[in-house]
2 protein chains.
Amino acid sequence: MAMDRDQVLRAAAALLSRKSTATMDEVARAAGIGRATLHRHFAGRDALVRALEEMGIREFEVAFDNARLGEGTAVEALRRLVAESEPNAQLLAFLVTENQLFEGDQVHEGWARLDARVSALFRRGQEEGTIRIDLSPAWLTEALYGLIGTCAWAVMDGRVAAKDFQYMIIELLLGGARRSVEK
Amino acid sequence: MAMDRDQVLRAAAALLSRKSTATMDEVARAAGIGRATLHRHFAGRDALVRALEEMGIREFEVAFDNARLGEGTAVEALRRLVAESEPNAQLLAFLVTENQLFEGDQVHEGWARLDARVSALFRRGQEEGTIRIDLSPAWLTEALYGLIGTCAWAVMDGRVAAKDFQYMIIELLLGGARRSVEK
DNA sequence: CTCGAATGAGACGTCAATGTCTCATTCAAT
DNA sequence: ATTGAATGAGACATTGACGTCTCATTCGAG
């Protein structure tokens with residue numbers, strides 16, 4: 001039943017994304033390993049969450065790379081970004097709320113890098129003239145994370161169909177809820 | 001140093017909205033009362049959270065009433081709704097993530113009532129022709145909650161100015177991030 | 001002022017989760 | 001087949017928060 005560290009991490013991510021208060025014992029069982037072995041991989045719960053955070057950051061850096069944020073218009077890049085983020089949306093939701101618990105101190109620098117990339121994308125759109133300038137890039141970045149997390153939860157709860165994930169986020173984020181005569 | 005139950009609840013809401021893992025002892029100190037007295041008001045932590053939930057639901061029902069969701073266009077009503085929700089945005093953020101922990105079972109019926117009202121508002125907008133019909137009312141409802149919570153956090157972290165709260169939410173939710181030639 | 005109720009401080013005991021440790025077993029490489 | 005490392009199961013002590021209780025003090029109504 002040997003699993004390498006990465007497999008354990010992914011199992012933990014899957015469980016904790018659904019039940020963020022899961023016990024170390026539950027995490028171990030979910031990964032199909034003993035609690036002792038879990039502790040051999042990760043010194044403690046903090047270390048596990050930290051490792052999850054680093055995995056999440058890695059995943060999203062890859063997703064951002066795959067989305068080729070620099071190519072095409074910012075709007076096109078944003079669509080690709082949401083599409084690439086979908087597989088890790090639940091993990092993002094978990095990490096965002098988990099980060100919310102930290103006392104401001106010691107937020108992982110990786111988030112700052114990711115924030116900067118998303119923020120730069122929105123700013124590029126503003127310079128292109130395709131993104132509104134009255135909504136700050138910082139807010140748009142937060143809103144994007146928020147919508148991804150909210151939609152991930154809504155899908156888990158069955159309030160939104162999984163197949164609509166990308167559409168619901170992108171359309172709301174870009175176009176808004178208002179129906180305009182001319183789009 | 002006597003505080004009535006409602007004052008204690010509000011103090012607890014203020015603290016727990018910022019630090020959702022705060023101890024019963026911290027809650028008591030934040031309310032300026034002893035831990036024993038806190039337990040005299042609320043049997044335990046669960047009871048406290050439950051009471052907070054009920055207070056939040058009451059507050060939002062009042063907010064919804066004040067927003068007069070039935071009057072004017074749905075878009076106008078939505079603006080009023082966000083404005084009326086602002087004072088309780090942090091509490092909403094806390095309760096939403098707290099609800100996320102519950103195992104689907106036993107979600108307070110009050111939420112269903114509130115959801116229904118918001119959902120009906122979006123549906124009315126769709127029938128009026130002012131709200132897009134390709135975004136489901138259920139999703140728009142979730143997205144509204146999500147954006148309010150996200151913005152509340154962003155304000156707490158200083159990433160969004162408090163004075164922009166209503167504008168950022170309403171403009172993003174209604175108009176979206178894309179800059180259109182004709183608005 | 002008097003008396004009874006409410007409060008604050010703190011001392012418990014309880015409990016769940018954590019982290020450490022041991023030991024028998026399993027597995028893989030040789 | 002042998003051997004050494006890794007694992008799983010469980011025992012154990014520790015920790016932090018919880019909930020209960022007591023008691024001296026305070027507050028307020030009369």
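Just so it is clear: chains get the letters A, B, ... in the order the sequence lines come, proteins before strands, and each one is counted from 1.
- Ala47(B) pairs by the side-chain contact (heavy atoms from CB on, under 4.5 Å) definition with Phe42(B), Ala43(B), not counting sequence neighbours.
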Provide a list of protein-nucleic acid N or O atom pairs under 3.5 angstrom, restricted to nucleotides 14-18 of chain C.
residue : atom : partner  : partner atom : Å
dT18(C) : OP1  : Arg45(A) : NH1          : 3.3
dT18(C) : OP2  : Met24(A) : N            : 3.0

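- For the pair Asp46(B) and Arg40(A), both in contact range of DNA chain D, the more 5′-proximal nearest nucleotide belongs to Arg40(A).
- For Thr37(B), no side-chain nitrogen or oxygen approaches OP1 or OP2 of dT7(C) to under 4.0 Å.
- Among residues two or more places apart in sequence or in another chain, the side-chain hydrogen bond (donor to acceptor under 3.5 Å, both in side chains) test is passed with Gln90(A) by none.
- Using a 4.0 Å cut-off between charged nitrogen and carboxylate oxygen, Asp65(B) and Arg117(B) count as a salt-bridge pair.
- Going from atom CD1 of Ile33(A) over to atom C1' of dT25(C) covers 17 Å, rounded to whole Å.
- Electrostatic pairing of Arg179(A) and Glu128(B) does not count as a salt bridge here, judged by no charged N lying under 4.0 Å from a carboxylate O.
- In this structure, the CD atom of Gln7(B) is 12 Å from the P atom of dT7(C), given to the nearest Å.
- Taking the C1' atoms of five terminal pairs at each end of the helix from dC1(C)-dG30(D) to dT30(C)-dA1(D), the two resulting helix axes are inclined by 30°, rounded to 10°.
- Remark: Glu76(A) pairs with Thr73(A), Arg80(A) by the side-chain contact (heavy atoms from CB on, under 4.5 Å) rule, at least two apart or across chains.
- With respect to Arg79(B) and Glu171(B), a salt bridge is recorded, a charged nitrogen being found less than 4.0 Å from a carboxylate O.
- Between Arg123(A) and Glu127(A), none of the side-chain N atoms (NZ, or NE/NH1/NH2) sits under 4.0 Å from a carboxylate O, so this pair counts as no salt bridge.
- Going from atom CG of Leu38(A) over to atom C1' of dT20(C) covers 14 Å, rounded to whole Å.
- Partners of Arg50(B) according to the side-chain contact (heavy atoms from CB on, under 4.5 Å) rule, which considers only residues two or more places apart in sequence or in another chain, are Glu53(B), Glu54(B).
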